[in-house]
Amino acid sequence: MTCLDLSRRTLMAGAGALAAASTLDLPFGIAPAHAQGAPVNQNPGFYRYKVGDITVTAINDGFARRPLEGFVRNAELADVRKAMEQAYLPNDALSISFTTLAIQAGGKLALIDTGNGDSGAPTSGAWMKNFRAAGFDPKDVSSVVFSHFHGDHINGFRLKDGTAVFPNAEVMVPAAEWAFWMDDAKASAAPDAMKGAFAGVRRVFGPVAKDVKQFEAGKEILPGITAVAAPGHTPGHTVFAVASGTGKLMIMSDTTNHPALFVRNPDWSAVFDMDGPQAAATRRKLLDMVSAEKMQVAFYHAPFPATGHIAKDGNGFELVPVQWSSAI
Ligand SMILES: [Zn+2]
């Protein structure tokens, strides 16, 4: 039988035969883990790559699921479902994954964002396990840099009980983000739906407020890392251009949420974008730039390891993942 002879029935029969083989005839005497009631143990969620002399380690912090309905503000649900189907994803709910970056440059260890800590969805919170599995220790972190102040990016900095997770790190924040969230007048005037976000920012940063280093966009904030203003998602939302030798990477932060929706459709706006039109303009500009420059990109909310390149495709773009490599 050639491949061309395959009908649905022979495929199904084949699948049945495979299933039988997998339970009865496993190679190397390995029994399936679920048969023993053992948890399925994935590989640690970290992935290392180089940008010139700089070593970047993507560290996964799990995911949160949310209904698709209401997620894109300015598109019909039917169109959003279609975009999910075109990416072979479920069309009723979205798994939003979290990927922070650890950056080793000049003998120092910096973090870009910190994940959910113990404040996120039950399917998140794996960050510390993955960070340690990558060979890091929180006390060795010299700088923690924040892209913006949403809870999924900052809560890993401080546990719910108040413990500071990175005792020796300087804290670096976008000045525009600090100005917005730490403004008491804005906090008290905020709609009820946003009051929790303001309180969360104060919970995380309050104890270190006087030591926080604010940076301006356009400045090189650490060797090889330049802050770039990317407002819209939040007022001070920042992306980071990393350059070393011929290597260049744009850390896109939350310029897009899931790429299947917002890289494909840059004019769509996620419910988390505080200024939808401004976020869309920023998104298009950045996607245009990284695709023209052929820069590698890293996203916070793309499928792990959340890095690749951006290709133009019609009126939108496509994320082309990097080829996974076992060595750097
Ligand atoms: Zn986010």
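Every number for a ligand or one of its atoms is a count from 1 in the order of the listing. Values in this document were obtained by computation on a predicted structure and should not be read as measured data.
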**Request:** Have a look at D254 and say which of its N, O or S atoms is nearest the Zn ion (ligand 1).
**Result:**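 It is OD2, the N, O or S atom of D254 closest to the Zn ion (ligand 1).
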**Minimum-distance N/O/S atom that D152 presents toward the Zn ion (ligand 1)** =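 In D152, the heteroatom (N, O or S) nearest the Zn ion (ligand 1) is OD2.
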**Asked** Is the Zn ion (ligand 1) less than 2.8 Å from at least one N/O/S atom of H301?
**Response** yes
**Request:** Could you confirm whether H153 has any N/O/S atom lying under 2.8 Å from the Zn ion (ligand 1)?
**Result:** yes
**Item:** Enclosure of E216 CD (heavy-atom neighbours >12, cutoff 6.0 Å)
**Value:** no
**Asked** Can you say whether the rings of F146 and F205 are parallel (under 30°), tilted (30 to 60°) or perpendicular (over 60°)?
**Response** perpendicular
**Complete:** So CG of D184 and CE of M182: to nearest 0.5 Å the spacing works out to 8.0 Å
**Request:** Report yes if some heavy atom in the side chain of E170 is under 4.5 Å from a heavy atom in the side chain of D211; otherwise report no.
**Result:** no
